[in-house]
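Single-structure report; data block below.
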Amino acid sequence: MRKNIVAGNWKMNKNLTEAKELIKEIKKGLKKEKVKGKRVIIAPSFVNLNSAVKKTKKSVIEVAAQNMHEAKNGAFTGEVSANMLTDLGVKTVILGHSERRSFFGETNQMLAQKVDAALANNLEIIFCFGEQLEDRKGGKHFDVVETQLKESLFHLLKENFTNIILAYEPVWAIGTGETATPEQAQEMHAFIREVLVKEYTKEMAEEVSILYGGSVKPDNAKEIFSKQDVDGGLIGGASLKSADFLAIIDAI
Ligand code: PGA
């Protein structure tokens with residue numbers, strides 16, 4: 001069901017000691033009444049997932065992984081399977097982050113396989129996608145986004161989307177301090193919903209949560225989240241400081 005969600009992508013930051021400390025601070029600052037009906041997710045690195053699941057057990061905080069391999073198991077040195085995640089108690093995985101696409105060569109087709117493997121293991125997916133700056137400058141951003149969705153997700157049944165959260169992250173806004181304007185975010189989110197209506201149904205499109213990601217900070221979160229089709233945010237840099245992350249949660 002469509003929900004308001006704030007998810008923190010910690011990327012390759014925080015060792016175990018620091019991760020425990022950050023979780024402690026977030027837990028302390030989270031007010032139960034403020035997060036009612038909302039979801040708060042953190043995505044620490046693989047090595048800190050086990051501890052994070054344990055430390056958040058009695059809180060509303062959910063734990064996600066940042067990536068996974070599509071194979072069940074096997075000779076894939078350095079990789080982690082869906083089953084390894086679910087066995088830890090992890091219920092959600094981020095797939096398709098732009099850094100995975102650009103630094104590690106993940107393509108729409110590879111992501112389609114990861115999506116299938118995650119769903120087959122009952123993992124919920126935060127599926128990231130978004131255009132590069134030159135796409136936007138060339139007026140191709142809508143086409144790029146539609147293709148990303150089509151090639152990685154549109155082989156799925158509409159029922160599968162109950163386990164998918166979409167995260168639109170224009171690459172030019174990630175870690176750059178430059179955010180899309182609330183209007184640009186709304187325009188793209190509305191377009192994404194239209195694409196879902198075209199491919200599936202209106203009811204289904206209304207039920208999918210679509211997050212915005214890219215330099216969301218305490219001072220711009222409220223305005224971005226106020227837009228009709230923006231259901232929350234995927235937060236990078238600002239999720240690494242408890243005060244900032246808590247302020248962004250308050251903004252939703
Ligand atoms: P940022 O990262 O908030 O640091 O721009 C967002 C993301 O990569 O998900």
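In this text the structure is predicted, and so the values were computed from the model without any measurement. For ligands, and for the atoms within them, numbers begin at 1 and follow the listed sequence.
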May I ask you to check if ligand 1 and G236 share an N or O to N or O distance below 3.5 Å?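 Yes - when backbone and side-chain N and O of G236 are compared with those of ligand 1, one distance drops under 3.5 Å.
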Say whether G214 and ligand 1 are in contact under the criterion: heavy-atom distance to a ligand atom below 4.0 Å.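 Heavy atoms of G214 do come under 4.0 Å of ligand 1.
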Below 4.0 Å from any atom of ligand 1, is there a heavy atom belonging to G213?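 No, G213 has no heavy atoms under 4.0 Å from ligand 1.
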Worked verdict on E21 versus K14 for salt bridge (charged side-chain N to carboxylate O under 4.0 Å, His left out): CA-CA 9 Å; E21 183 57 33; K14 307 288 175 190; over 6 Å; no
Considering non-hydrogen atoms of the protein only, which is the closest contact for atom 7 (C) of ligand 1, and what is the distance?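 The closest heavy atom on the protein side is E169 OE2, 3.1 Å.
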Quick one: do the H155 and D116 side chains pair a donor with an acceptor below 3.5 Å?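 Per modelled atom types, H155 and D116 side chains form a pair under 3.5 Å.
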For a quick check under 3.5 Å, do N48 and K20 share a side-chain donor-acceptor pair by atom type?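 Looking only at side-chain atoms, K20 and N48 do not form any donor-acceptor pair under 3.5 Å.
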Aromatic ring centroids of Y200 and F154 under 6.0 Å?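 Ring-ring flag for Y200/F154: true, centres closer than 6.0 Å.
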Where does the angle between the aromatic ring planes of Y168 and F129 fall among parallel (under 30°), tilted (30 to 60°) and perpendicular (over 60°)?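 Correct class here is tilted.
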For ligand 1, which atoms sit closer than 4.0 Å to a heavy atom of [X]?
X	result
G237	1 (P), 3 (O), 4 (O)
H97	7 (C), 8 (O), 9 (O)
S215	1 (P), 3 (O), 5 (O)

Side chain, backbone, both or neither: the part of A173 lying under 4.0 Å from ligand 1 by heavy atom: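 Contact part for A173 vs ligand 1: backbone (N, CA, C, O).
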Looking at K227 and E183, is there a salt bridge between them, counting it only when a charged N and a carboxylate O are closer than 4.0 Å?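 Salt bridge: yes.
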